[in-house]
Student: 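Can you keep this structure in mind? I'll have questions shortly.
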Amino acid sequence: MAKELATQYFSTGNDNENDHDENSLESVISLLPKASGGSKYGISLYQNCWFPSSIIPNIISFQNQFKPKDQDTILASFPKSGTTWLISLLFSILNRNQHYEQHPLLTTNPHLLVPSLEFSIYSNPKFHDLSSMPSPRLVSTHMPYASLSDHSTNHCSSKPRIVYVSRNPLDVIVSFWHYAKGHPARHSHELTVGDFVDMFCSGEINFGPYWDHVLGYWKASLERPEEVLFLKYEDLKEDGVGQAKRVAEFVGVPFSREEESDGVVEQILEMCSFGKLKDLDVNKHGQFKPNFDNKLFFRKGQVGDWVNHLTPSMADCVNEIIKEKFSGSGLSLIRM
Ligand code: A3P
């Protein structure tokens, strides 16, 4: 209902986003179901996903304005699943033949090299003019597949390639909790890890429910493997070379035999490794934007850190839900 109202609102309005009546949009958004999601600004249920309330206008702008090109690559993920790692890898793979004086990741946070559709590009279209971005364009998103594909893949002949990275939900919860504690400008930092488990299990968390997010991309990857590549954080940790080769092939720039024997794949993995990125000056001391330190994107970068923070009963509770939701899908992300 709210989507219809919003779509109607935009399609009858002036094409110039600056001329939109923000009050009308706000009143449309105020009709949406609301929850806290641990965020100071709250989350709203739109198209069956709990979006941070502040970005719903950006989602609507994206859905009305985005014109995909065949060469586009979108890195999609549920928050805290390895977005920073994958955008670094994709950026390095796609641009490996550029002659830089020094690799851009050495001096720039990955999220500034690969902007987010909903947090950057469509929050201020003048800041990141997508139409002037050189091809192949690389962007990121936390939008669920249904919201992304609604306009970007179904109604256009051009299809972006989507690389999705998933992660064990127990590690996602712990990572999210630490991130929220480190970002008091946006999150209620008094929340315990138990509060995060409860929010996660209710589905009422940024971009939740987690299971719908993951299953949306999982099913799309099975139905349209040429459009959606589904990756697991844990597989990348276990077999970086194999997974990097899969990614390169999927985005249409496979590593040549010569590159492989020259160690190009390993060099890219080293450049994008957790230890390397975390220790760079720009990521230790820089800011992504005011009140947002780059170091928040880098914590431990390990598989299975959840054992140090979740009680067995918390883990069992999450596992039960995930088992039920994933049943029959052929997907398994829990590792005990
Ligand atoms: P932890 O909190 O478990 O350490 P996102 O980028 O989606 O926000 O995910 C953040 C998680 O990915 C954090 O997990 C972070 O430390 C980890 N991470 C960031 N860069 C990484 C890299 N290059 N390699 C592996 N993990 C990385």
Side-chain angles (χ1 to χ4, degrees), residues 37-41 52 54-55 75-92 100 102-121 123-124 127-128 138-142 165-193 195-196 199-200 205-207 233-234 236-237 240 268-310:
S39 153
K40 286 188 177 162
Y41 303 98
S54 58
I55 63 159
L75 184 279
S77 59
F78 190 81
K80 314 325 289 173
S81 298
T83 321
T84 312
W85 191 11
L86 261 296
I87 56 176
S88 307
L89 277 172
L90 273 163
F91 179 88
S92 304
Y100 299 122
Q102 57 176 347
H103 197 292
L105 281 171
L106 292 171
T107 51
T108 311
N109 179 267
H111 292 271
L112 289 175
L113 294 172
V114 184
S116 153
L117 286 170
E118 64 274 20
F119 286 107
S120 295
I121 296 169
S123 76
N124 182 352
F127 177 56
H128 275 296
L138 173 61
V139 294
S140 71
T141 189
H142 290 319
V165 61
S166 63
R167 191 182 189 190
N168 179 342
L170 302 171
D171 281 336
V172 168
I173 293 172
V174 167
S175 184
F176 220 145
W177 173 57
H178 281 284
Y179 172 80
K181 282 197 303 176
H183 196 196
R186 281 200 77 87
H187 296 92
S188 323
H189 62 286
E190 303 86 13
L191 289 173
T192 65
V193 73
D195 296 328
F196 263 81
M199 281 189 300
F200 184 91
I205 194 162
N206 278 355
F207 300 94
Y233 182 98
E234 295 76 13
L236 272 138
K237 280 276 179 190
I268 288 177
L269 286 165
E270 166 56 22
M271 177 71 248
C272 301
S273 67
F274 179 77
K276 174 84 181 178
L277 293 179
K278 185 181 166 123
D279 278 350
L280 292 170
D281 223 43
V282 62
N283 294 325
K284 278 209 293 213
H285 308 296
Q287 281 206 320
F288 175 63
K289 53 186 171 186
N291 296 322
F292 195 126
D293 295 338
N294 288 341
K295 65 180 181 210
L296 273 175
F297 292 115
F298 307 92
R299 190 183 64 92
K300 260 190 166 173
Q302 287 176 2
V303 170
D305 184 44
W306 65 266
V307 291
N308 299 314
H309 301 283
L310 301 183

Student: Give the ring-plane orientation class for His111 versus Phe297, where under 30° counts as parallel, over 60° as perpendicular and anything between as tilted.
Tutor: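 It falls in the parallel class, under 30°.
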Student: Can you name the nearest heavy-atom pair linking Ser92 to Ser88, along with the distance?
Tutor: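 Nearest heavy atoms, Ser92 then Ser88: OG-O, 2.8 Å.
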Student: The test is side-chain contact (heavy atoms from CB on, under 4.5 Å); show your working for Lys300 and His178 and say whether it passes.
Tutor: CA-CA 10 Å; Lys300 260 190 166 173; His178 281 284; over 6 Å; no
Student: Side chains of Val114 and Leu75: does their closest heavy-atom pair fall under 4.5 Å?
Tutor: no
Student: Is it the case that more than 12 heavy atoms not belonging to Asn308 sit under 6.0 Å from its CG atom?
Tutor: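 Yes.
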Student: Nearest 0.5 angstrom please: Asp293 CG to His183 NE2, how far?
Tutor: 8.5 Å
Student: Tell me the closest heavy-atom pair linking Asn168 and Glu234, and the distance in Å.
Tutor: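 What the structure gives for the nearest pair is N-OE2, 2.9 Å.
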Student: State, with a plain yes or no, whether a side-chain heavy atom of Phe298 is found less than 4.5 Å away from one of Phe274.
Tutor: yes
Student: Could you walk me through whether Ser166 and Ser81 pass the side-chain contact (heavy atoms from CB on, under 4.5 Å) test, one step at a time?
Tutor: CA-CA 6 Å; Ser166 63; Ser81 298; 5.8 Å; no
Student: Of all the heavy-atom pairs spanning Thr83 and Ser77, show the shortest one and how long it is.
Tutor: OG1-OG, 2.8 Å
Student: Counting C-beta onward and ignoring hydrogens, is there a side-chain heavy-atom pair between Tyr233 and Val172 closer than 4.5 Å?
Tutor: no
Student: Nearest heavy-atom pair of Gln302 and Asp171: which atoms, and what distance?
Tutor: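 Closest approach of Gln302 to Asp171: O-OD2, 4.1 Å.
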Student: Examine distances only and state if a side-chain atom of Asn283 and a backbone atom of Leu277 form a donor-acceptor pair shorter than 3.5 Å.
Tutor: yes
Student: Would the distance check show the side chain of Trp177 and the main-chain N or O of Leu191 forming a donor-acceptor pair, the cut-off being under 3.5 Å?
Tutor: yes
Student: Is the shortest heavy-atom distance from the side chain of His142 to the side chain of Asn206 under 4.5 Å?
Tutor: no
Student: With side chains defined as the heavy atoms from C-beta onward, is the minimum distance between Tyr179 and Pro79 less than 4.5 Å?
Tutor: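 No; the side chains remain at least 4.5 Å from each other.
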Student: Measure the OG-CG distance between Ser140 and Leu113 for me, rounded to the nearest 0.5 Å.
Tutor: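 CG of Leu113 is found 11.5 Å from OG of Ser140.
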Student: Where do Phe196 and Leu310 land on the side-chain contact (heavy atoms from CB on, under 4.5 Å) test, with the steps shown first?
Tutor: CA-CA 10 Å; Phe196 263 81; Leu310 301 183; over 6 Å; no
Student: Indicate yes or no for a side-chain donor-acceptor contact from Arg299 to the backbone of Ser175 under 3.5 Å, with no hydrogens or angles considered.
Tutor: no
Student: Which atom names give the shortest non-hydrogen contact between Glu270 and Lys276, and what distance separates them?
Tutor: O-CB, 3.4 Å
Student: Please indicate whether Lys295 has more than 12 foreign heavy atoms, meaning atoms of other residues, nucleotides or ligands, lying under 6.0 Å from its NZ.
Tutor: no
Student: side-chain contact (heavy atoms from CB on, under 4.5 Å) for Leu138 and Ile87? Distances and angles first, verdict last.
Tutor: CA-CA 8 Å; Leu138 173 61; Ile87 56 176; 5.6 Å; no
Student: Could you check if a side-chain atom of Leu269 sits within less than 4.5 angstrom of a side-chain atom of Leu89, using non-hydrogen atoms only?
Tutor: yes
Student: How long is the span from the OG atom in Ser273 to the NZ atom in Lys237, to the nearest 0.5 Å?
Tutor: 8.5 Å
Student: Considering only heavy atoms from C-beta outward, does the side chain of His103 approach that of Phe91 to under 4.5 Å?
Tutor: yes
Student: Taking NZ in Lys278 as the centre, count heavy atoms belonging to other residues, nucleotides or ligands within less than 6.0 Å. Is the count above 12?
Tutor: yes
Student: I want to check something: taking the side chain as every heavy atom from C-beta on, are Val282 and Thr107 in contact at a cut-off of under 4.5 Å?
Tutor: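 Not in contact.
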Student: How far does NZ of Lys289 sit from CG of Leu112, to the nearest 0.5 angstrom?
Tutor: 10.0 Å
Student: Just verifying a value: how many Å separate Arg167 CZ and Leu236 CG, rounded to the nearest 0.5 Å?
Tutor: 11.5 Å
Student: Identify the heavy atoms of Leu296 and Gly182 that sit nearest to each other, and give their distance.
Tutor: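 Closest pair (atom of Leu296, atom of Gly182, distance): CD2-O, 3.5 Å.
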